[in-house]
> 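Provided herewith is a single structure, encoded as structure tokens, for subsequent inquiry.
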Amino acid sequence: MTDLFHLVIAVLLVLVAAYLPGFWTVRALAGSRLLALSLAPAISAAVAGIGAMIAPVVGLDWSWLSFAGSGAVLVLAAWILARRGVRLPATLLDGPLVARRSPAALVAWIGALTAALAVTIGPIAARAGRPDAVLERYDTLFHLTALTYIRETGNASSLNLNAVANTAGRPASYPAAFHDLAALVPLVDIPIVLNGTVLALALVPWILGTALLARVVFPRVTWAPPAVALVATLIPASPVNLWIHLSPVPNLAGFAALSGALAGAVALWTALAAQADPAPQEAACPPRGGIAPAPARQAVIAALLAIGLAGAGLALLHPNVAVTALILLAVLTTVTGLPQWRRRPWLIAVPVLAMLPVAVLAYTPLGARVTGFAGGLQVPWWNALAEVGLGLLTVWPMALGVVMAALWWPGLVTALRTPQRWLTVAWLVLAVMYLDAAVDSPLNLSVLYFRGQDRIAIPLAMLSALLVVPGLQAWAGLLRRTLDVDAARGRRPVIAVLVVLATVAALSSIPTRLDNAAKNLAEHYPGRGRFLQADELAQFARTAPQLDRDRSILASPYSGAAHMYALHGLPAYLPVAGVALNDSDRAAIEAVPLAGSSPAHCRALLDQGIGYVYQERLLYQFDPAFRSIGERGDDLGTVVFETEHSRLIRIECDPGQ
């Protein structure tokens, strides 16, 4: 019960950190409440990421004090700018999220969303069993280690965090905004902090952001925001499902925040276009009551500041997300600005400038860390086409995705005949990139995503959820015509049929969700490796108080011992999978089979501060670089504990003189 309370505390604290600085920054620039909510997670990520880089420079540890100070400086700067006339314009996000409805309709929507959350989270919670469950993906090991490192050192800078990936502690860069937000949760155990942060950042910004995006894209469809929020909650390729599927948590947190950031960008672009060409878009962005419209130049400056901050936050969550945002902005501004290019040729510069950073990263050494990556899941072309066409995207494919595809395909077609045609173009662009990643195409269109279709699946799912709105309108019209009834008489039967079908489809996904969650959360799953075995967890918990914390444990990073740094504070010599080995590391690894009889090899271990060797036969993944750790060792020293598949040895060899 205490762990559950800690999980709730972690979720609440992270949501406060993820929304307050960004919300008040936009409000200080005279933005509306909904606009502030849409941009808040991305801007708050920028506050955390930039603040964490500045903190060590001025001699501060990363804490609520340094985070609050960074946020206060930004809000104050925004307020000063607003006093000088740099204010955000009125947008489609002024006013309520949904039109006023009857209490019964409101209760129905809240009940439906609550039920959808239960369908989405329930199977994960059931398979996890406890708030501190460790997800069996090796990305999880990096994030647990990174959070423990931040808590111990007080340094959360993106310029330093990848120091955990080398034994020398050499500073190396890694986008750390997710970890910066998570590290603000004090005292709570690290596994609970990680789980709570992912739940908070994968659910709330994603669901609320897609609802706000629907509010902007379909301003006259009053039911669009709650309907899209419902679809986004249930859609298989959602951020929370990507967490269990692969655990790339900075990516999924960034893509969850992208939906709201895109809503804010679309709203501001529409508002600025209306100011530049008021006649055709006169009713698009009505002025707020009591607030005079900001002059065009100041409004552009304020909008660029807000979008720039949000973009910085997305990049600090993960550069993949910022790349996606730039691509979507390029599509939006190209499709909507194309009719005006002849009269206003300077508009061409907007999509060009948006794509310029993408091109620089893809075709220059600046993106070499990503573009040089080799690997990833490759499937045949017909399989890739089926994944996209049937809604069976690689993140948790299930029959529910096919049902949703039957809704968004008509929307994809009908949107081409509406002002929302940019949605169709954007969906097609991402679909092509998904196919490129799925087949490892030589075109390398997905090279900035590590050629991973699982990452591209999330923004593709976001657009698919939006396209459900025109899809439902198309299906409803077809049903009314088929039944030969007028709109007033046909609405209730159509809604009733849709509700029944949606309920059946959502509930039918539960067995698949349970099985998918079990693959990486259950104690045992046939054919799936495990970092952590129940017996070794029990043995480490029993012996941890007796171990020397000044001496590290040498073990394969694909074994359970590496997790003991986050679980029990025991230093692991190789703390994360993918650690960069130096000559001393290789010498220590190769010394294990010989150290019991060779003083020179014994010194190779002791000189690196290694006091224990953990040997395991049931590795999560085998890597020949660490083979020697599991060889021989009977004469190394005392066996601290032993299980059916592993043992921990205290090094007591003779180092000689």
> Is a side-chain donor or acceptor of Ser44 paired with a backbone partner of Gly22 at a separation under 3.5 angstrom?
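Judged by distance alone, yes, a pair lies under 3.5 Å.
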> Considering only heavy atoms from C-beta outward, does the side chain of Arg455 approach that of Ser446 to under 4.5 Å?
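They are not in contact (no side-chain heavy atoms under 4.5 Å apart), so the answer is no.
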> Is a side-chain N or O of Trp206 found less than 3.5 angstrom from the main chain of Ala229, in a donor-acceptor match?
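Answer holds: no.
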> Nearest heavy-atom pair of Ala211 and Leu97: which atoms, and what distance?
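Taking every non-hydrogen atom into account, O-CD1, 4.0 Å.
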> Any donor-acceptor pair under 3.5 Å linking the side chain of Asp454 with the backbone of Thr394?
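The answer is no, because no donor-acceptor pair under 3.5 Å joins these two groups.
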> Indicate yes or no for a side-chain donor-acceptor contact from Ser38 to the backbone of Ala263 under 3.5 Å, with no hydrogens or angles considered.
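Checked: no pair found.
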> When Leu309 is tested against each of Leu39, Ile43, Leu314 for side chain to side chain contact (heavy atoms under 4.5 Å, CB included), which residue passes?
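Only one of Leu39, Ile43, Leu314 forms a side chain to side chain contact (heavy atoms under 4.5 Å, CB included) with Leu309, namely Ile43.
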> What pair of heavy atoms forms the shortest contact from Ala214 to Val228, and how long is it?
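Taking every non-hydrogen atom into account, CB-CG2, 3.7 Å.
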> Determine whether Val240 and Thr120 make a side-chain contact, defined as any pair of heavy atoms from C-beta on separated by less than 4.5 Å.
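Contact flag for Val240/Thr120 side chains = yes.
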> Just how far is it from atom CZ of Arg83 to atom CG of Leu81, taken to the nearest 0.5 Å?
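The distance works out to 12.5 Å.
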> Could you check whether any side-chain heavy atom of Ser238 comes within less than 4.5 Å of a side-chain heavy atom of Trp396, counting everything from C-beta outward?
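No, side chains not in contact.
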> Under 3.5 Å, is there a donor-acceptor pair between the side chain of Arg27 and the main chain of Gly31?
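Pair found, side chain donor or acceptor close to backbone of Gly31.
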> Does some side-chain heavy atom of Val98 sit less than 4.5 Å from a side-chain heavy atom of Pro226?
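A side-chain contact exists here, since the closest heavy-atom pair is under 4.5 Å.
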> Is Thr424 reaching over with its side chain to a backbone N or O of Leu412, donor-acceptor style, under 3.5 angstrom?
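Yes, because the side chain of Thr424 sits within donor-acceptor range (under 3.5 Å) of the backbone of Leu412.
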> Got a sec: does the CH2 of Trp269 have more than 12 other heavy atoms crowding it under 6.0 Å?
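More than 12 heavy atoms, drawn from other residues, nucleotides or ligands, come within 6.0 Å of this atom.
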> Let me see the working for Thr333 and Leu347 under side chain to side chain contact (heavy atoms under 4.5 Å, CB included), right down to the final yes or no.
CA-CA 8 Å; Thr333 54; Leu347 285 175; over 6 Å; no
> So, taking the atom named CG in Leu385 and the one named OH in Tyr434, what distance separates them when rounded to the nearest 0.5 Å?
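Here the interatomic distance stands at 11.0 Å.
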> Show the nearest heavy-atom pair for residues Ser158 and Ala176, with the distance to one decimal.
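In terms of heavy atoms, the two residues are closest at OG-N, 3.0 Å.
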> Taking atom CH2 of Trp381 as the centre, does the number of heavy atoms from other residues, nucleotides or ligands within less than 6.0 Å exceed 12?
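No, the 6.0 Å shell around CH2 holds no more than 12 heavy atoms from other groups.
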> For residues Leu252 and Ala202, report the shortest heavy-atom separation together with the two atoms involved.
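For Leu252 versus Ala202, the nearest heavy atoms are CD1-CB, 3.7 Å.
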> One pair to check against side chain to side chain contact (heavy atoms under 4.5 Å, CB included): Leu329 and Val266. What are the steps and the verdict?
CA-CA 8 Å; Leu329 282 177; Val266 174; over 6 Å; no
> Decide side chain to side chain contact (heavy atoms under 4.5 Å, CB included) for Leu435 and Glu387; before the verdict, give the C-alpha distance in whole Å, the side-chain angles of both, and the deciding distance to 0.1 Å.
CA-CA 9 Å; Leu435 294 172; Glu387 289 179 9; over 6 Å; no
> To the nearest 0.5 Å, what is the distance between CZ on Phe255 and CG on Leu317?
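Output value for this atom pair is 10.5 Å.
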> Quick one: CD1 on Ile458 to CG on Leu393, what's the gap to the nearest 0.5 Å?
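The distance works out to 8.5 Å.
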> Check whether any side-chain N or O of Ser259 sits under 3.5 Å from a backbone N or O of Pro205 as a donor-acceptor pair, and report yes or no.
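Yes, Ser259 side chain to Pro205 backbone: donor-acceptor pair under 3.5 Å.
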> Checking the side chain of Asp94 only, and the main-chain atoms of Thr91 only, is there a donor and an acceptor separated by less than 3.5 Å?
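Side chain of Asp94 to backbone of Thr91, a donor-acceptor pair under 3.5 Å: yes, one is there.
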> Go through Met433 and Ile327 one step at a time and tell me if the side chain to side chain contact (heavy atoms under 4.5 Å, CB included) criterion holds.
CA-CA 11 Å; Met433 292 171 61; Ile327 292 171; 3.9 Å; yes
> Just wondering, do Leu463 and Leu328 contact through their side chains at under 4.5 Å, heavy atoms?
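Yes, close enough: below the 4.5 Å cut-off.
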> Look only at the side chain of Gln378 and the backbone of Val439, and say whether a donor-acceptor pair between them is shorter than 3.5 Å.
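Such a contact is found between Gln378 side chain and Val439 backbone.
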> Give, for atom CG of Asn241 and atom CD1 of Ile235, the distance between the pair rounded to the nearest 0.5 Å.
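These two atoms lie 10.0 Å from each other.
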> Are Pro89 and Leu268 close enough that some pair of their side-chain heavy atoms sits under 4.5 Å apart?
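Answer yes - side chains close enough.
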> Between Tyr449 and Val323, is any pair of side-chain heavy atoms under 4.5 Å apart?
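Tyr449 vs Val323: side chains touch.
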> Can you give me the closest heavy-atom contact between Ala28 and Trp79, atom names plus distance?
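What the structure gives for the nearest pair is CB-N, 3.8 Å.
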> Tell me if a side-chain donor or acceptor on Arg33 pairs with a main-chain N or O of Leu93 at a distance below 3.5 Å.
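Here the side-chain-to-backbone pair does not exist.
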> Indicate the atoms forming the closest heavy-atom contact of Ser464 with Trp408, along with that distance.
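Here Ser464 and Trp408 meet closest at O-CB, 3.4 Å.
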> To the closest 0.5 Å, what do you measure between CG (Leu472) and CG (Leu467)?
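If we round to the nearest 0.5 Å, Leu472:CG and Leu467:CG are 11.0 Å apart.
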> Is there side-chain contact between Leu92 and Pro219, with heavy atoms separated by less than 4.5 Å?
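A side-chain contact exists here, since the closest heavy-atom pair is under 4.5 Å.
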> Given the side-chain rings of Trp422 and Trp427, with only the six-membered ring counted for Trp, is the space between their centroids under 6.0 Å?
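Not under 6.0 Å, so no.
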